[in-house]
Amino acid sequence: MKAKHFVWIRRISQSFFLIFFIFLLIESRLPSDIYLDYSIAITGEQNIELNYPVTFFFQLDPLIAVTSFISGHQWIKGFGWAIGIVVLTLFFGRLFCGFICPLGTIHHLMSFVRPALKGQTMVRANQKRPDHKFKYFILILLLMAAIFGLNFTGLLDPIAFLFRSLSLAIFPGLGTGIKEVFDLMAQSDIKILNYISYGGEIIVSPVFGYGYEAFKSAWLMGSIFIIILFLNRIRPRFWCRTLCPLGALLGLLARFSILKMEKYSEKCTQCQLCTKTCPGAASPIPGLEWDPTECMFCFNCFNVCPEDAVVFKLKWPPKANKAPDIGRRAVLGGLIGGASLPLFGRLDGRIHKVSDPRLIRPPGAVSENNFLKLCQRCGLCMKVCPTNAINPTLTEAGMAGFWTPNLIMLQGYCEYTCTLCGSVCPTGAIHPLSVREKIGGPIRIGSAYIVRGRCLPWAENGPCIVCEEHCPTSPKAIHLKEGTYRGGDGKTVRVKRPYVDLNTCVGCGICENKCPVRGKPAIRVMAAGESRSVKNQILLGE
Amino acid sequence: MGSHDNDPITRRESIKKLLKISQGLALTGMTAWPFQRDLAAFTGSTRQNFVIEGIGRSQKYSVKALTRKVFETAGGIQRFISKQDVVVIKPNISWARAPHLGATTHPEVLEAVIELCQEAGAKKIRIADHTIHDARRCFAITGAGMVAKKTGADLVYPRSSLMRKMKIQGHRLDVWPVFVPLVEADKVINLPVAKVHVLSDLTLGMKNWIGAVGGRRNALHQDIHMTIVDLAQFFKPTLTLVDAIRIMIHNGPSGGNASDVSVSNRLILSNDPVAADAKAADLFNFRPQDIGFIRLGSKWGLGTYELEKIHQSKVII
């Protein structure tokens, strides 16, 4: 096999995994064509699950597996794939970065398709620089924080970062734009435009969502994503070289790789083509020592060298390659930062004193302390939620819980027999539930309370039973009591007024969602009463 | 004297036409008149109003067979559905609840009606409901999705672009967003399920039209009976078939427990939306005139709850 073939195998592999990633991302939603056999439906509650292994890339990611283990003390579902990647890296170096990582592929495309830098500027940009150590700082920071009980790996882990950015910002952003156009066409009086819009929506909505998806602070995710893409114009694969904690971890594991670069200085003409095409700034040029921790095994240098002065070879038995250049500052900074952030994160008292009353976690979420040890903030639960209730937090969960999931009942509500979020959570921060467990338990995510000053029957003597009508439990957690009341005008009327029964309320929030008093509904859900917290109970219980 | 061939209308004919028009006008003016039904029958319409109650009494009767029997008694589906018709069926599949919980139209009834329409030669059959719970989950769990797949009927996803503002011109609702497929149809069949409801007492055929509109539906409850009647006069189904195989007697309209449901094994078919609801109200031991929307529906001439005034029959299998 020639070097050219290696490059083509890499390109095919990169395309495959990028397309597969986007395919799984698109499939991370309830399809509209889920048909269940109703003869089965008659026998009991069915668990609806997705048809595809949407968490595959998260299982592939050793950083997620490792941090979940050291902070949450449990191996995540499917962590065997991550072990596979570790073994692969031990023998063959950062092949994951060059061949598999979808974010890496996007950066690769941004860097080398119409590159911003040409000639000598590109050669200069691809020199090893001290700031490449920064990724080790991030890695050590994340690992250290995980030890101290705060796992915010997902904020910077490439898989979680890419999934979150695409599924909560880029796709919904495009979807909103497209849907606005279609809605405009549908309102038109020209028949043909109506039909184009109906047909178009049938094609587009399985990809971009069935309604106007909304995610709070997604603008920030999208902006960060776009800025990081543009960093590739400064230096190729900027993220992978300088920021990526997974790249740092795999780089460390590549120390004993048996796949090595061989350089033949005598053949080299110092044309610098190898450096010019090196995305990792791994010093491929003969005369400098090759950096196995930076090399992403893209085989570009191997391919472009006109003199065959740079080749890759398998060498057995394994011998230590050049040591990674981590730097004392990165280690010290990482250790201190990683130890202090989790402790500072607890200073807002949300774990030890009182949590935000409007922080409503998805059904099956583990206790807040453990939740922060496991949640990767990847956005998968937010993406699959069929009612768009689950949103990323900004401040509701404090600094430690930034971008973790929170149910906003004004936007959606928790469907009584839906268990999708738990079934897709890659780390088990949301425990997978069966329908029976969810409604039989019952798993409460909070409880509803009536704001009598805004409620139509309470404040205005008006007729309204919407919360009671929608209440999904049986018997209903909201009931009505009819009475005769005198209004402000002196007239007496018969009115049915709603009451909440905390024994049956599960906090699903459909009452808040459907209440005709918009913006600040007259019935609201707060986290008190949530099953996952012992402290946050209201009732004495049995 | 020229030939009369070129004259479009002779004097004699024009007088005849004028008479016909005035007769028509007179009839419309008399809608509130008690003899209206007789007159309608007199004009030779096949639309003599009827209500048919189908009861499944045998041990292992099939819901499908009962549905067929009920339509047969009404004179066959061909009486109502013509070849090449676009038929839209409005079931109540608002809640993501399994069929046995009685919160939604039973899939077997839905399937039987679709098959009948197909036999009558309908060009296109659509199932349309603007659900309360997430539509995809409703389609799956109620069994409607399965029926659509089996029969090849279109299950229309209630997307926002399909809600269009229309003139309802009711007493309470003037302009309101309407789920478009339900008006872009040659024939509409209303396929509600019979349930109790805390505000309107019962959820039957006429109330099912709340599931055919968009907009601020949660505000309709502030004048529930009048808005139901406004919507019922706007949609005017060809037929109403009330699914009372299982009726929800507690905890309506969402239910959630098998114990909320009573097995009644009945289907009620009528071309009079008020009569269908009146007949179904019987099952819950309500006097029809005590239900606000039935009384108002009759008052505004949508039909009658005095069942003895229309053709009634019962079929038992």
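Chain identifiers are assigned alphabetically (A, B, ...) following the order of the sequence lines, protein sequences preceding nucleic acid strands; residue numbering begins at 1 within each chain.
Although no hydrogens or angles enter the test, the distance criterion places a donor-acceptor pair under 3.5 Å between the side chain of A/Gln187 and the main chain of B/Met163. Remark: side-chain polar atoms of B/Arg136 are paired, donor with acceptor, to backbone N or O of A/Leu30 under 3.5 angstrom. In this structure, A/Glu437 contributes its side chain and A/Ser434 its backbone to a donor-acceptor pair below 3.5 Å. A donor-acceptor pair is defined here as one N or O able to donate and one able to accept, closer than 3.5 Å; such a pair exists between the side chain of B/Asn218 and the backbone of A/Lys514. B/Lys64 contributes no side-chain N or O that, together with a main-chain N or O of B/Ala112, makes up a donor-acceptor pair within less than 3.5 Å.
B/His197 touches chain A through its side chain: at least one heavy atom from C-beta onward sits under 4.5 Å away, while N, CA, C and O do not. Residue B/Arg216 does not touch chain A at all, counting heavy-atom pairs closer than 4.5 Å. Heavy-atom distances place the backbone of A/Thr473, and not its side chain, under 4.5 Å from chain B. Contact of A/Leu480 with chain B is made through the side chain alone, with heavy-atom distances under 4.5 Å. For B/Asp260, the part lying near chain A is the side chain, with the backbone staying farther off; criterion is any non-hydrogen pair under 4.5 Å. Contact annotation for A/Ile202: both backbone and side-chain heavy atoms come within less than 4.5 Å of a heavy atom of chain B. Of the two parts of A/Lys476, the backbone and the side chain both hold a non-hydrogen atom closer than 4.5 Å to a non-hydrogen atom of chain B.
Counting heavy-atom pairs closer than 4.5 Å to chain A, the top residue among B/His133, B/His250, B/Lys149 is B/His133. Interface check for chain B: of the options A/Cys464, A/Cys418, A/Gly211, A/Ser197, the most heavy-atom pairs under 4.5 Å are formed by A/Cys418. The candidate with the highest count of non-hydrogen atom pairs below 4.5 Å against chain A, out of B/Leu199, B/Ile224, B/Leu155, is B/Leu199. Contact tally against chain B (heavy-atom pairs below 4.5 Å) for A/His479, A/Met185, A/Glu415: the top residue is A/Glu415. With respect to chain B, the highest number of heavy-atom pairs below 4.5 Å among A/Glu468, A/Glu469, A/Lys179, A/His470 belongs to A/Glu469. Heavy-atom pairs under 4.5 Å with chain A were tallied for B/Gln222, B/Arg164, B/Arg159; the largest tally goes to B/Arg159. Highest contact tally toward chain B, considering only A/Pro386, A/Ala186, A/Ser474, is held by A/Ser474 [criterion: heavy-atom pairs under 4.5 Å].
Legend: residues meeting side chain to side chain donor-acceptor pair (under 3.5 Å) with A/Tyr485, ordered by chain and number and at least two apart, are absent. The ring-ring contact (aromatic ring centres under 6.0 Å, His included) test applied to B/Trp209 returns B/Phe235, not counting sequence neighbours.
Side-chain contact between A/Pro172 and A/Phe215: present, with at least one pair of heavy atoms (C-beta onward) separated by less than 4.5 Å.
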- Message: Run B/Phe284 and B/Asp201 through side chain to side chain contact (heavy atoms under 4.5 Å, CB included) and show every step you take.
- Response: CA-CA 10 Å; B/Phe284 297 87; B/Asp201 294 322; over 6 Å; no
- Message: Please evaluate residues B/Leu220 and B/Trp176 with respect to the criterion side chain to side chain contact (heavy atoms under 4.5 Å, CB included), reporting the C-alpha separation (whole Å), side-chain torsions for both, the decisive distance (0.1 Å), and the verdict.
- Response: CA-CA 11 Å; B/Leu220 297 178; B/Trp176 201 268; 3.7 Å; yes
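Between B/Lys123 and B/Asp85 there is no salt bridge, since no side-chain nitrogen of the basic residue lies less than 4.0 Å from a carboxylate oxygen of the acidic one.
Both cation-pi conditions hold for A/Lys481 and A/Tyr499: the charged atom is under 6.0 angstrom from the six-membered ring centre and inside a 45 degree cone around its axis.
Applying a 4.5 Å heavy-atom cutoff, none of the residues of residues 517-525 of chain A approach chain B.
Identified under the side chain to side chain donor-acceptor pair (under 3.5 Å) test for residues 452-466 of chain A, with sequence neighbours left out: A/Asn461-A/Arg497.
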